[in-house]
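Reading through the structure tokens given below for one structure.
Residue numbers begin at 1 in each chain, while the letters A, B, ... track the order of the sequences.
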2 protein chains.
Amino acid sequence: MAGETAREAYHHGDLRDALIKATDAILAERGLEGFSLREAARRAHVSPAAPAHHFGSSAGLLTEVAILGFEELARHIEIEGSAESATARLKQQAAGYVRFALAYPGRFQLMFRYDLLLPDDARLAAASELAKVPIARTILALRGLPEDAELDAPTSATMLAAWSTVHGFAHLALSGKFSKLTPEAKSQHLLDELLPQMLDILWPEPKR
Amino acid sequence: MAGETAREAYHHGDLRDALIKATDAILAERGLEGFSLREAARRAHVSPAAPAHHFGSSAGLLTEVAILGFEELARHIEIEGSAESATARLKQQAAGYVRFALAYPGRFQLMFRYDLLLPDDARLAAASELAKVPIARTILALRGLPEDAELDAPTSATMLAAWSTVHGFAHLALSGKFSKLTPEAKSQHLLDELLPQMLDILWPEPKR
DNA sequence: GCCCAATCTTTACAATGTACAGATTTTGCG
DNA sequence: CGCAAAATCTGTACATTGTAAAGATTGGGC
């Protein structure tokens, strides 16, 4: 009991967390295509069939990781400092979205791969919805509405516009469609140059 | 020689085309996740190892299908009728892009899955670039430039904006992020309602 | 102290991509 | 025409994957 805790822990303890962390490590090291259920089990020092009892299937484990991904995405989107205008705040949030996608490409791609996730998981849907809240607040401010206003048609259309723009940018970047630069310098150039240029076109500063 | 041509054809003939068509059929019937190299070989009535000689690997076959996909995408983007304004033309092209993605989700998803395609295929890169040409023309018209003008920084940033917007919309739609509707009615609603609403916000008609 | 349920292992099976060696067909060339 | 060489396809084999089924082992509640 006071023996080697690591050995003991794997035999009964927090396998669930260990598998989630192993999966996250695989996504970070080898990307989404480098993941396999058996590899995650290997890293947790358990048999290939062990994960099934905790997550049901591979999709169950990946869904759990995707939920954590949406929560982390929400954190990246939330605004830290003060923002002068609503459009400035929107641009900061857009940068946060893209920064997350570029920093954790495996996680990000997983989050939108419905074929790898449980299709009707309520917690996943909730996490996905929660990640939109910070943007919704900014959109309301952008349209001069109070923070707790209802999401009318033009507001949700504006949200859709912001979401699509930033998501398309991130997805195209990860698909290698902007790959004329080296991978190292690419992220900074995308975030510091291309993204602001694009956002200035779609959301020009109203201050004349 | 004058015998049953179908049997003969499979034994020597146009296996390459047959495999491409089989793959396209799988993508249409079962989606991208329903594809396997062996299933394509099965549909072409050849052994599992046969495709290798024509395409090298699974990625080689899929790359060929993706090239056809980009060519078809370009056709969907090209404008058919006359367009009053440049922004109207842009919106028609955007609708063409989304219509393609919704009509051929398997093909569309494949085209941006770098992990399934040959990473350095020149013909694939060329087809991808060619699909942007119709949009580039519209962007130039939008900015009041002649059709053969060079793509300066603001023009390419505007292109990036248009591309990201429409691609993000299509990708989010296919990821099931808008799925509060039935799949049948969804496509029409997306094309007729949501997409125009979004585009009107990002590209308002200059005509006051 | 003991039984039951939770947890993990072992074994097994069907599928997949693809390498390798051989058969068969077509083609090029004298 | 004849024949060798090249192109094309088959058969077999192997490592890897997800997961189902049944058995072993552990821990908690009474």
D:dC9 phosphate, OP1 or OP2, under 4.0 Å from B:His45 side-chain N/O: no
Is B:Arg75 salt-bridged to B:Glu78, cutoff N-O under 4.0 Å? no
Can you find a donor-acceptor pair, distance only, under 3.5 Å between A:Arg16 side chain and C:dT7 base? no
A:Leu15 has a side chain; which of D:dT19, C:dC8, C:dG17 sits nearest to it? C:dC8
Can you check the A:Leu37 CG to C:dA15 C1' distance for me, whole Å? 16 Å
Specify the separation, in whole Å, of atom CG of A:Leu61 and atom C1' of D:dG18. 13 Å
Look at the side-chain N and O atoms of A:His53 and state whether any lies under 4.0 Å from the OP1 or OP2 oxygen of C:dT7. yes
A:Leu62 CG - D:dT19 P separation (whole Å): 10 Å
Nearest to side-chain heavy atoms of B:His54, which nucleotide of D:dT10, D:dT8, C:dT18: D:dT8
Is the shortest side-chain N to carboxylate O distance from A:Arg143 to A:Asp152 below 4.0 Å? yes
State whether a side-chain donor-acceptor pair under 3.5 Å links B:Tyr97 with B:His167. yes
Shortest non-hydrogen separation from B:Met111 to A:Lys177 and the atoms involved: O-NZ, 4.1 Å
Students often mix this up, so state it plainly: with edges at 30° and 60°, are the rings of B:Phe112 and A:His171 parallel, tilted or perpendicular? tilted
With the side chain of B:Ser47 defined as its heavy atoms from C-beta on, choose the nearest nucleotide among D:dC9, C:dT10, D:dT10. D:dT10
Nucleic acid contacts - residues 22-36 of chain A versus DNA chain C, non-hydrogen atoms under 4.0 Å: none
Checking B:Lys91 against B:Trp203: charged group under 6.0 Å from the ring centre and within 45 degrees of the axis? no
Along DNA chain C (nearest heavy atom to each residue), the more 5'-positioned of A:Ala50 and B:Ser58: A:Ala50
Expressed as a whole number of angstroms, how long is the span from A:Phe55:CZ to D:dG18:C1'? 16 Å
So if I take every side-chain heavy atom of A:Ala49 and compare against D:dA21, D:dC9, D:dG18, which nucleotide ends up nearest? D:dA21
Just call it for B:Ala52: base, sugar-phosphate, or nothing, with non-hydrogen atoms closer than 4.0 Å on any strand. nothing
For the atom pair CG (A:Leu160) and CG (B:Leu190), what is the distance rounded to the nearest 0.5 Å? 8.5 Å
Of A:Arg42 and A:Gly56, whose closest DNA chain D nucleotide lies nearer the 5' terminus? A:Arg42
Rounded to whole Å, the CZ-P distance (B:Arg38 to D:dC14) equals 14 Å
